[in-house]
Amino acid sequence: MGYDWHKLLIDKSQVALPHVLRCGQSFRWRFINGVWSIGLKNRVLMLRQEEKALYYTSVGPGQPGLSDEQLIKDYFNLHVDLVKLYGEWAKDKRFHGHLAGIRILRQDPWENLCSFICSSNNNIKRISKMVESLCREFGPYIATVDGHEYHDFPAPEALAADSVEEKLRSLGFGYRAKYINITAKMVCDMPAGLDYLQGLRDETYTDAHTALLAFSGVGPKVADCVCLMSLDKHNCVPVDTHVWQIATRDYRLSAKNNPKGHQAIQRYFQDLWGEYAGWAHSVLFAADLSDLENGINVKSEPLIEVKTESTLETKLEP
DNA sequence: TCGCCCCCTCTTAC
DNA sequence: AGTAAGAGGGGGC
């Protein structure tokens, strides 16, 4: 099957897919035979990267008024010059030698919220499994590509039925099953629905953060992750035990590992890094991440299929 | 196999 | 009122 690959001129130092898509922001990306793919906004989006260019193509109808290129530029926050930011952060010696191309995504707030409700007391591998279950069981089918089924992330209505909690428990969600179910009901009961979450992009950090805390299974850390990764609060630094360790070990801060201590650490990093403090934090965070490149959702087809299907090199010549 | 620890939040108890 | 401690499912080490 021949894909119509399009080229976007962007350097790896601006976005490094293997790191950005595996550092605990989005949990749905697959990596199959050198191609990154995801079911997003009613299409299967596929990406492939070279040193100075990103190649993209898609399968499925998509959404009216949202081209693949628009989706990519929005999803990856490509209007932000990451290289310039790295230059500013380099004043901090601890940044020297860290991974390049790690940027904050601009995800869908609803998916972001649900994913991070799943993330409490949890690890990336298991979160990925849970989010995939969510999409497979409750998300609308989009297409099958090279033998792999792709679903979109489920709408709140699909997760609001009373039967959902038990189903999620059987899928290994544990106590988070109830949180997801209740939060979905809450969003469905809102007059504005998903627009309410989307609208938090226009609110201040404090207001957005407070609003998110009202949802079930959402504490300060999860609220901060959503603020940073889908609500444009670029200077928000989510502090968990991991970031707490970086702060106390590498930065010699003497904060306690409790909410007050976490808040103090957040303020310290915001002062230090400025407007895009949340982005800076993700670079240090990723550097410490043992889960990076751990083989989640990675598949390789038998060699013979690679030759015959030839989704890569032969179709990529500009 | 058995502990122990987790990218936490909620609840209860001071 | 603000803070502290324990429970909660499953999986990794």
Side-chain angles (χ1 to χ4, degrees), chain A residues 19-29 99 102 104-105 107 111-134 137 164-186 209-231 233 236-251 253 255-266 269 277-298:
Chain A
H19 301 135
V20 174
L21 302 180
R22 285 284 192 258
C23 67
Q25 295 190 60
S26 172
F27 302 93
R28 293 208 289 136
W29 286 87
L99 295 170
I102 295 178
I104 294 296
L105 300 173
Q107 300 188 64
E111 172 176 346
N112 195 201
L113 179 61
C114 290
S115 303
F116 279 84
I117 287 174
C118 295
S119 80
S120 76
N121 210 1
N122 213 342
N123 57 67
I124 292 181
K125 200 173 198 170
R126 185 165 165 228
I127 301 164
S128 302
K129 209 178 289 177
M130 289 161 71
V131 174
E132 179 165 347
S133 296
L134 268 185
E137 299 292 331
V164 169
E165 183 189 340
E166 200 185 329
K167 179 69 180 170
L168 291 180
R169 280 192 179 270
S170 76
L171 290 168
F173 278 59
Y175 55 86
R176 304 163 195 89
K178 193 180 211 110
Y179 297 156
I180 294 283
N181 189 217
I182 290 177
T183 293
K185 288 181 201 221
M186 289 172 76
H209 183 88
T210 304
L212 290 170
L213 289 180
F215 291 107
S216 179
V218 179
K221 191 267 181 181
V222 168
D224 277 345
C225 285
V226 177
C227 279
L228 174 65
M229 299 173 190
S230 63
L231 298 180
K233 314 307 179 214
C236 175
V237 179
V239 179
D240 51 32
T241 51
H242 190 186
V243 172
W244 177 83
Q245 281 180 15
I246 294 174
T248 53
R249 184 194 62 212
D250 300 338
Y251 286 82
L253 302 187
K256 290 188 174 154
N257 195 357
N258 62 27
K260 277 272 182 269
H262 289 184
Q263 200 172 52
I265 289 170
Q266 176 174 74
F269 283 141
W279 289 51
H281 124 282
S282 76
V283 174
L284 294 186
F285 185 89
D288 256 33
L289 208 53
S290 60
D291 263 325
L292 214 60
E293 317 229 39
N294 65 356
I296 298 165
N297 288 341
V298 175

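Sequence lines set the chain letters: A, B, ... in the order given, protein chains first and strands last, and positions in each chain run from 1.
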Problem - Spacing between A/K125 atom NZ and C/dG12 atom P, to the nearest angstrom - result: 6 Å
Completion exercise
From NE2 of A/H242 across to C1' of B/dC7 the rounded distance in Å is 8 Å
Exercise for the section: In sequence, state the C-alpha distance, the side-chain angles, and the governing distance for A/E132 and A/R28, and then conclude on salt bridge (charged side-chain N to carboxylate O under 4.0 Å, His left out). Expected result: CA-CA 7 Å; A/E132 179 165 347; A/R28 293 208 289 136; over 6 Å; no
Practice task
Taking atom P in both C/dG9 and B/dT1, compute the distance separating them and give it to the nearest angstrom.
Solution key: 24 Å
Practice task
May I ask you to say what A/V243 touches in the nucleic acid, namely base, sugar-phosphate or nothing, with a heavy-atom cut-off under 4.0 Å?
Solution key: nothing
Problem - Modelled atom types, side-chain donor and acceptor of A/Q266 and A/D224, under 3.5 Å - result: yes
Problem - Partner nucleotide of C/dG12 by Watson-Crick or wobble geometry (both distances under 3.5 Å) - result: B/dC4
Exercise for the section: For A/S216 and for A/F116, locate the closest nucleotide of DNA chain B by heavy-atom distance; then report the residue assigned to the nucleotide nearer the 5' terminus. Expected result: A/F116
Fill in the blank from the handout: Side-chain contact check for A/R169: nearest option of C/dG9, C/dG12, B/dC7 is C/dG9
Fill in the blank from the handout: Whole-Å distance, A/I127 CD1 to B/dT9 P, equals 12 Å
Practice task
For this output row, return yes or no: ring centroids of A/F116 and A/F27 closer than 6.0 angstrom.
Solution key: yes
Exercise for the section: Return the value, rounded to whole Å, for the distance between atom CG of A/N258 and atom C1' of C/dA5. Expected result: 12 Å
Problem - side-chain N/O A/K260 vs C/dT3 OP1/OP2, d < 4.0 Å - result: yes
Practice task
Rounded to the nearest angstrom, tell me the gap between atom NZ in A/K178 and atom P in C/dG9.
Solution key: 9 Å
Problem - Any side-chain heavy-atom pair of A/L212 and A/V222 under 4.5 Å - result: no
Problem - Short side-chain N/O contact to B/dC7 OP1/OP2 from A/S119, under 4.0 Å - result: no
Handout entry: Intermediate values then yes/no, ring pair (Phe, Tyr, Trp, His ring centres under 6.0 Å), A/Y179 and A/F215
Key = CA-CA 8 Å; A/Y179 297 156; A/F215 291 107; over 10 Å; no
Practice task
Sticking with atom P, work out how far C/dG12 lies from B/dT9, rounded to a whole angstrom.
Solution key: 22 Å
Practice task
When you get a sec, tell me which of C/dG10, C/dG12, B/dC7 is the closest nucleotide to the side chain of A/R126?
Solution key: C/dG10
Fill in the blank from the handout: With the side chain defined as heavy atoms from C-beta on, A/I124 is closest, among B/dC7, C/dG9, B/dT9, to B/dC7
Practice task
Answer with yes or no whether the side chains of A/H262 and A/N257 bring together a donor and an acceptor at under 3.5 Å.
Solution key: yes
Handout entry: Interatomic distance, A/N257 CG vs C/dA4 P [rounded to whole Å]
Key = 12 Å
Problem - Under-4.0 Å side-chain N/O to phosphate OP1/OP2 contact, A/R176 with B/dT9 - result: no
Fill in the blank from the handout: Out of B/dC7, C/dG9, B/dT9, minimum distance to the side chain of A/Y175 belongs to C/dG9
Problem - Spacing of A/E165 atom CD relative to C/dG9 atom P, expressed in whole Å - result: 9 Å
Problem - Whole-Å P distance, C/dT3 and B/dC7 - result: 24 Å
Handout entry: Length of the line joining A/N123:CG and B/dC7:C1', which is rounded to integer Å
Key = 9 Å
